[in-house]
Amino acid sequence: MEILHGEPIKDGFFMPAEFSRHYGCILIWPHRRDSWQNGAYAARRAFTELIEIIAESEKVIVCARYEDYDSARKALPGNVRVVEMSSDDSWARDVAPTFVTNGKTVRGIDWGFNAWGGLFDGLYFPWDKDNKMARKLCDMLDVDTYDKRNFILEGGSIHTDGEGTILTTEECLLGKGRNPQMSKDEIENMLCRCLGGKKVIWLKRGIYNDETNGHIDNICAFTSPAEAVLAWTDDKTDPQYEISSECLDILESSTDAKGRKIRVHKLPLPKPVHITEEECMGLDDMDGEPTRIPGERLAASYVNFYISNRSVIVPQFGDKNDKNAVDILQSLFPDRKVIGLKNSRDILIGGGNIHCITQQIPYFTNRSD
Ligand code: KQY
């Protein structure tokens with residue numbers, strides 16, 4: 001594995017869309033007792049259900065800490081590779097490499113990670129184990145790695161159509177906790193040079209009360225070139241209404257990198273989801289303080305789905321819109337089976353959802369397996 005200091009775009013590498021064919025997917029076995037209730041018991045069950053579905057159509061690698069290796073190995077099917085790796089938490093989207101490809105081979109991008117805002121408004125300290133995961137994973141997979149550690153970025157803050165268009169939010173990438181020394185133009189350049197983009201569409205804000213500072217992957221996602229879903233509510237009294245309306249205006253008045261209008265499909269949100277007192281009691285304190293308060297609104301959204309080679313796995317919240325979300329996505333992904341993940345509330349309590357705990361590795365031809 002070589003550490004590269006150049007730019008993916010100059011080497012002919014780019015990040016494909018998630019709906020392109022995958023080689024596999026990386027996840028991290030949950031363990032953090034102040035993120036996941038009751039010693040991560042329920043989260044592990046939800047992760048296992050998700051992993052079993054993904055593993056039907058692509059390779060799955062699960063990283064587990066030394067002390068959790070046996071639990072992961074016992075819970076997961078034999079076609080899933082479990083590797084020992086230390087981590088601070090379990091958000092593979094944000095701490096695993098972003099993979100780029102030239103079709104023949106893949107390379108990883110090792111962004112800097114500071115737990116969603118570092119000492120400014122980050123969610124835990126320390127985060128050094130998470131920050132080392134991208135490079136360790138590249139080493140393990142024997143893929144060369146672009147060293148972009150000076151640039152703070154989580155995978156959940158970007159989406160691409162694989163055809164030159166990148167989606168992100170100002171709330172996250174222009175916030176004080178990431179790269180305050182860089183201008184919007186500099187950030188845009190960095191994204192384009194690393195991901196193979198020609199145009200960045202900046203939405204203003206993400207889902208209301210999203211502790212990632214508004215990650216794009218919870219509010220908007222490409223479903224095919226020039227088509228996207230947007231988390232939506234018709235309830236004008238909900239603060240989310242103004243946020244989603246603003247996103248809609250921007251998307252509808254933008255064209256993508258190829259000059260196409262973007263067709264936006266509204267994906268209804270569930271009714272606001274609040275954490276219960278009992279759920280809070282299952283969470284350990286962090287530095288003597290609770291990580292969640294009973295009644296706190298969680299950033300529930302159906303947009304936080306994962307596209308595997310043969311399925312699209314969508315969070316479910318026990319809401320009347322669960323089925324609507326599955327049906328809308330099924331119409332947008334006619335060649336895949338759209339599957340609702342029943343226990344996704346157990347992932348949501350950690351602060352994210354299905355997309356946040358997965359990181360795809362694109363398909364490439366020069367493989368040894
Ligand atoms: O949604 C994500 N990408 C990560 C959420 C982190 C939450 C930590 N409690």
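In each ligand, atom 1 is the first atom listed, and ligand 1 is the first ligand listed.
Each of the following atoms of ligand 1 lies closer than 4.0 Å to a heavy atom of G352: 1 (O). Near D94, meaning under 4.0 Å from one of its heavy atoms, ligand 1 places the atoms 2 (C), 3 (N), 4 (C). Proximity to G350 (heavy-atom distance under 4.0 Å) selects the following atoms of ligand 1: 7 (C), 8 (C), 9 (N).
Taking any N or O of E211, backbone or side chain, at least one lies under 3.5 Å from an N or O belonging to ligand 1. Considering backbone and side-chain atoms together, L123 places no N or O closer than 3.5 Å to any N or O of ligand 1.
By the 6.0 Å and 45° rule, R32 stacks over the aromatic ring of Y124.
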H355 vs D217, test: side chain to side chain donor-acceptor pair (under 3.5 Å). Steps then yes/no.
CA-CA 7 Å; H355 197 255; D217 70 345; 2.8 Å; yes
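Protein heavy atom closest to atom 1 (O) of ligand 1, with residue, atom name and distance, is C356 SG, 2.9 Å. Among protein heavy atoms, atom 5 (C) of ligand 1 sits closest to G351 O, 3.4 Å.
A ring-centre distance under 6.0 Å is found for F364 and Y23. Under the 6.0 Å cut-off for aromatic ring centres, F113 and W91 do not qualify, their centroids lying 6.0 Å or more apart.
Of the N and O atoms on the side chains of D185 and S183, not one donor lies less than 3.5 Å from an acceptor on the other residue.
Only side-chain heavy atoms of W116 come within less than 4.0 Å of ligand 1; its backbone N, CA, C and O stay farther off. Here H215 has side-chain heavy atoms under 4.0 Å from ligand 1, and that is the only part of it that gets that close.
Here the rule is side-chain contact (heavy atoms from CB on, under 4.5 Å) with N213, and of E154, R178, K176 only R178 fits it.
In this structure, R93 and G156 approach most closely via the heavy-atom pair CG-N, 3.4 Å.
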